[in-house]
Amino acid sequence: MAGGDVATLADAAALGQYLTQIPAGEPVAVESVGDGGPPDPAISAVGLFHPSAGSAQFVCAGPDVAQSADERGRALVAALGGRTLVGHDVKALAEWWLARGGTLPPVEDTAVVAYLLNPARTNYKLEEVCAELLGEGPGIARPGTRGKWIWDLWAMAPRALAEVGLERLYEDVERPLIGVLAEMERHGIRVDQARLGEFSRELEVHLERTTKEIFGLAGEEFNIGSPKQLAYILFEKLKLPVVKRTKTGYSTDADVLEQLALGHELPARIIEHRTLAKLKSTYADALPTLVNPTTGRIHTSFNQLVAATGRLSSSAPNLQNIPVRTELGRRIRAAFVPEAGRRFLAADYSQIELRILAHVSGEESLIEAFRRGEDIHARTASEVFGVPLDAVTPEQRDIAKTTNFSVIYGVTAFGLSRGLDISPKQAQEFLDRFFARHPKVKAYLARTVKEGRERGFVATLLGRRRYLPELRSGNPNLRGFGERMATNAPIQGTAADLVKIAMVRMAAELRAHRLETRMLLQVHDELLFEVPTGEVERLRALATEVMESAVSLDVPLRVDVKVGDDWAAV
DNA sequence: CACTAGTGCAA
DNA sequence: TATTGCACTAGTG
């Protein structure tokens with residue numbers, strides 16, 4: 001867009017269209033709301049966008065550091081809304097900013113600092129962050145205040161990070177990651193809309209049939225999607241046994257329905273209906289509406305400031321919860337496809353959290369098992385059940401697998417009993433045997449909780465903190481929550497640190513080698529790439545090498561790489 | 001239109 | 001009475 005052009009940004013769609021016309025990396029200035037005067041850094045009145053197809057990635061200044069880039073874009077549009085007031089000499093504004101030599105505080109970077117200083121902060125409203133970090137009163141956003149606060153926060157960042165030993169995590173990981181994520185968002189991922197449309201119609205047919213069966217079995221028509229109406233049918237009309245209650249009434253969740261299904265045909269049909277409705281409404285019908293008309297691809301937002309443990313999250317749409325476990329669900333995943341001449345390559349860390357547990361606890365039996373490349377769940381089963389490795393039954397392995405994961409979550413015997421569908425007494429026995437065989441895991445968990453209580457926070461291997469005031473609560477319930485978070489956060493968070501390091505390094509490698517491969521998605525322990533066919537073998541080696549060497553632990557990291565022509569095939 | 005509750009999808 | 005998320009529908013105000 002040439003300088004002097006007037007953009008009319010009356011709605012989100014118009015803004016999206018406008019932004020997609022701008023070359024990548026070229027900053028674009030958009031006037032903020034209600035401010036007729038010249039750009040004033042004290043008011044932080046100018047937002048600089050990196051054009052991210054379909055949505056705006058605010059990289060500098062902006063009305064509210066609290067919001068995600070996506071929200072800020074929407075807030076801006078809303079504030080402009082109805083009025084066609086933008087219309088600036090975009091080029092002149094951009095030049096104005098560049099001429100200042102970067103003297104405006106980069107808001108994304110500042111927000112990441114605030115996140116690192118306390119990732120568990122539940123609300124990134126700028127006022128609250130500043131109140132806490134700068135010791136200033138919250139609340140009153142007088143004109144000019146926000147800009148000053150961003151300045152102050154940015155100015156204190158080096159000292160604040162140094163105080164808690166987070167300079168490296170910031171400089172080497174979180175800050176470089178901002179650009180990596182922006183690039184991934186901007187690139188987007190292709191979906192085969194025809195496949196989704198066809199699947200949606202199939203689901204519709206199934207749903208109609210299931211609905212009829214349900215009404216027949218219930219003896220009347222009702223809204224199957226309403227837990228309240230369903231509860232009336234199941235527990236009052238049909239008098240089925242009440243298994244579980246919610247705060248407000250009878251529970252009708254999948255667990256409950258599965259139990260009820262043993263004694264009646266209806267609950268099974270409800271489960272089926274729920275499965276189909278979920279796939280149709282959340283995925284098959286929703287995803288095509290999010291395809292950007294300009295790029296023909298879906299552009300998620302990767303949220304860097306949301307998860308209390310340091311993980312990323314994904315929204316609008318969430319591409320970190322695309323179904324994979326059932327055949328039907330995989331039909332959705334199979335609609336994500338590479339461009340012609342390219343393939344998908346997925347690289348995922350094998351049992352990353354258990355490996356981290358082995359490392360941080362120093363538990364020899366786990367470390368040795370990983371070093372030998374053994375099947376870790378079978379190994380656990382062998383130890384806990386006291387049978388030779390090759391005599392472990394699939395059932396025993398399953399129990400061990402659930403127990404392994406449960407320990408990472410800080411589970412209680414009661415929780416494990418639910419997960420394994422056994423009695424709490426039996427579950428307690430499993431846990432006792434597990435800890436007897438893994439004494440250092442037990443010691444590590446106890447130590448972590450104790451240190452968390454004494455210091456007020458727990459930390460990942462790279463120093464990322466999670467503050468847990470709950471650990472000092474007199475309320476046993478709340479304290480229990482705190483203790484489970486305390487045992488889980490360092491492990492989940494260390495995994496997040498590690499994957500982020502791998503992402504930053506992968507992005508650097510792709511660039512350095514001038515590869516055409518693009519990183520598309522991160523799903524916690526997995527990276528998805530779109531790879532020209534000619535680069536596949538090179539990428540396989542590169543991803544394996546970079547990801548496995550992201551950090552050096554007492555156990556090897558293992559990465560599994562799969563290549564395929566849709567996301568269900570990798 | 002904003003909000004909560006219940007539910008279910010992923011790692 | 002298992003960790004971290006996001007989003008759907010129903011229902012309320």
Side-chain angles (χ1 to χ4, degrees), chain A residues 68 70 78 119-120 222-231 244-257 270-271 273-287 290 300-303 305-326 328-330 332-333 348-354 357 402-420 424 427-428 431 458 466 468 476-478 480-493 495-496 499 521-527 567:
Chain A
S68 72
D70 193 59
F222 65 101
N223 186 342
I224 304 167
S226 163
K228 195 172 158 188
Q229 294 184 37
L230 176 61
K244 189 162 69 171
R245 291 180 176 277
T246 67
K247 272 185 280 187
T248 57
Y250 308 108
S251 172
T252 67
D253 68 20
D255 264 7
V256 170
L257 294 177
I270 301 288
I271 292 174
H273 187 277
R274 286 232 179 109
T275 303
L276 299 169
K278 175 81 174 179
L279 289 175
K280 185 167 187 294
S281 69
T282 305
Y283 302 105
D285 291 346
L287 290 173
L290 293 162
T300 185
S301 291
F302 284 108
N303 313 305
L305 314 179
V306 169
T309 53
R311 273 190 175 188
L312 299 176
S313 77
S314 158
S315 58
N318 180 359
L319 294 186
Q320 291 180 323
N321 74 339
I322 301 301
V324 68
R325 291 175 195 186
T326 66
L328 209 58
R330 292 172 71 84
I332 299 289
R333 196 165 273 235
D348 71 287
Y349 281 106
S350 165
Q351 284 143 0
I352 189 169
E353 295 192 348
L354 268 181
L357 177 65
T402 303
T403 307
N404 280 337
F405 283 124
S406 302
V407 167
I408 289 170
Y409 294 147
V411 80
T412 59
F414 191 94
L416 183 61
S417 74
R418 240 196 53 211
L420 287 173
Q428 187 60 58
L431 282 177
V458 294
R466 177 165 187 185
L468 290 167
N477 222 337
L478 193 59
F481 270 118
E483 288 170 357
R484 291 194 292 276
M485 293 180 214
T487 51
N488 177 261
I491 298 181
Q492 190 181 115
V499 176
L521 301 178
Q522 186 251 47
V523 190
H524 308 305
D525 65 355
E526 166 189 350
L527 298 177
W567 196 12

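For clarity, every value in this text was computed on a predicted model and none was experimentally measured. Proteins come first, then strands; the chains are lettered A, B, ... in the order of their sequence lines, and each starts at number 1.
Using a 4.0 Å heavy-atom cutoff across all strands shown, A:R311 reaches at least one base atom of the nucleic acid. Residue-level contact check: A:Y349 touches neither bases nor backbone, having no heavy atom under 4.0 Å from any strand. Counting any heavy atom pair closer than 4.0 Å across all strands shown, A:S406 reaches a base atom. A:R245 comes within 4.0 angstrom of no nucleic acid atom, judged by non-hydrogen atoms across all strands. Residue A:N488 is classed as a sugar-phosphate contact, given heavy-atom separations below 4.0 Å to backbone atoms only. Among the heavy atoms of the strands lying under 4.0 Å from A:Q229 are primed sugar atoms or P, OP1, OP2 only; no base atom is included. Looking at heavy-atom distances under 4.0 Å, A:T275 makes no contact with the nucleic acid at all. Note on A:G410: nothing from the nucleic acid sits closer than 4.0 angstrom, heavy atoms only. Residue A:Y283 is in sugar-phosphate contact alone, with no base atom involved, counting any heavy-atom pair closer than 4.0 Å across all strands shown. Within 4.0 Å of A:A413, counting heavy atoms only, lies no atom of the nucleic acid at all. Nucleic acid contact class of A:T487 (heavy atoms, under 4.0 Å, all strands): none. Residue A:S417 is classed as having no contact, given no heavy-atom separation below 4.0 Å to the nucleic acid. Contact annotation for A:L279: no contact, since no heavy-atom pair falls under 4.0 Å across all strands. A:A496 comes within contact range of no nucleotide atom at all, as no heavy-atom separation falls under 4.0 Å.
Nucleotide B:dA10 holds its P atom 8 Å from the CG atom of A:N321, rounded to whole Å. Taking atom NZ of A:K280 as the reference point, atom P of B:dG8 lies 19 Å away to the nearest angstrom. Rounded to an integer number of Å, the gap from A:I271 CD1 to B:dT7 P is 12 Å. As a whole-Å value, the separation of A:N318 CG from B:dT7 P is 21 Å. Straight-line distance from the CG atom of A:L257 to the C1' atom of B:dG6: 12 Å, rounded to whole Å. Protein atom CD1 of A:I332 is 17 Å distant from nucleotide atom P of B:dG8, rounded to whole Å. Put simply, NZ on A:K244 is 11 Å from C1' on B:dG6, counting in whole angstrom units. As rounded to whole Å, 16 Å separates atom P of B:dG6 from atom CG of A:N223.
In this structure, A:R418 is not positioned above the aromatic face of A:F414 in the sense of NZ or CZ being under 6.0 Å from the six-membered ring centre and within 45° of the axis.
With respect to A:S406, the side chain to side chain contact (heavy atoms under 4.5 Å, CB included) criterion is satisfied by exactly one of A:N404, A:T402, A:I408: A:T402.
A:Y283 approaches A:N321 most closely through the heavy-atom pair OH-O, 2.7 Å. A:A427 and A:L416 get closest at one heavy-atom pair: O-CD2, 3.9 Å.
Although no hydrogens or angles enter the test, the distance criterion places no donor-acceptor pair under 3.5 Å between the side chain of A:T246 and the main chain of A:S251. The main-chain N or O of A:I224 is never found under 3.5 Å from a side-chain atom of A:Q229 such that the two would form a donor-acceptor pair.
Relative to the side chain of A:T246, the nucleotides B:dA11, B:dT7, B:dC9 differ in distance, and B:dT7 lies closest.
The phosphate of B:dG6 has OP1 or OP2 within less than 4.0 Å of a side-chain N or O from A:T248. Between A:R325 and B:dA11 there is a side-chain N or O to OP1 or OP2 distance below 4.0 Å.
At a threshold of 4.5 Å between non-hydrogen side-chain atoms, the residues A:W567 and A:L521 count as touching. Between A:L527 and A:V499 there is a side-chain heavy-atom pair separated by less than 4.5 Å.
Side chains of A:S315 and A:N303: a donor on one and an acceptor on the other come within 3.5 Å.
Once you apply a 4.0 Å limit to the heavy atoms of chain A, the touched nucleotides of DNA chain C run 5' to 3' over C:dT1 to C:dT12.
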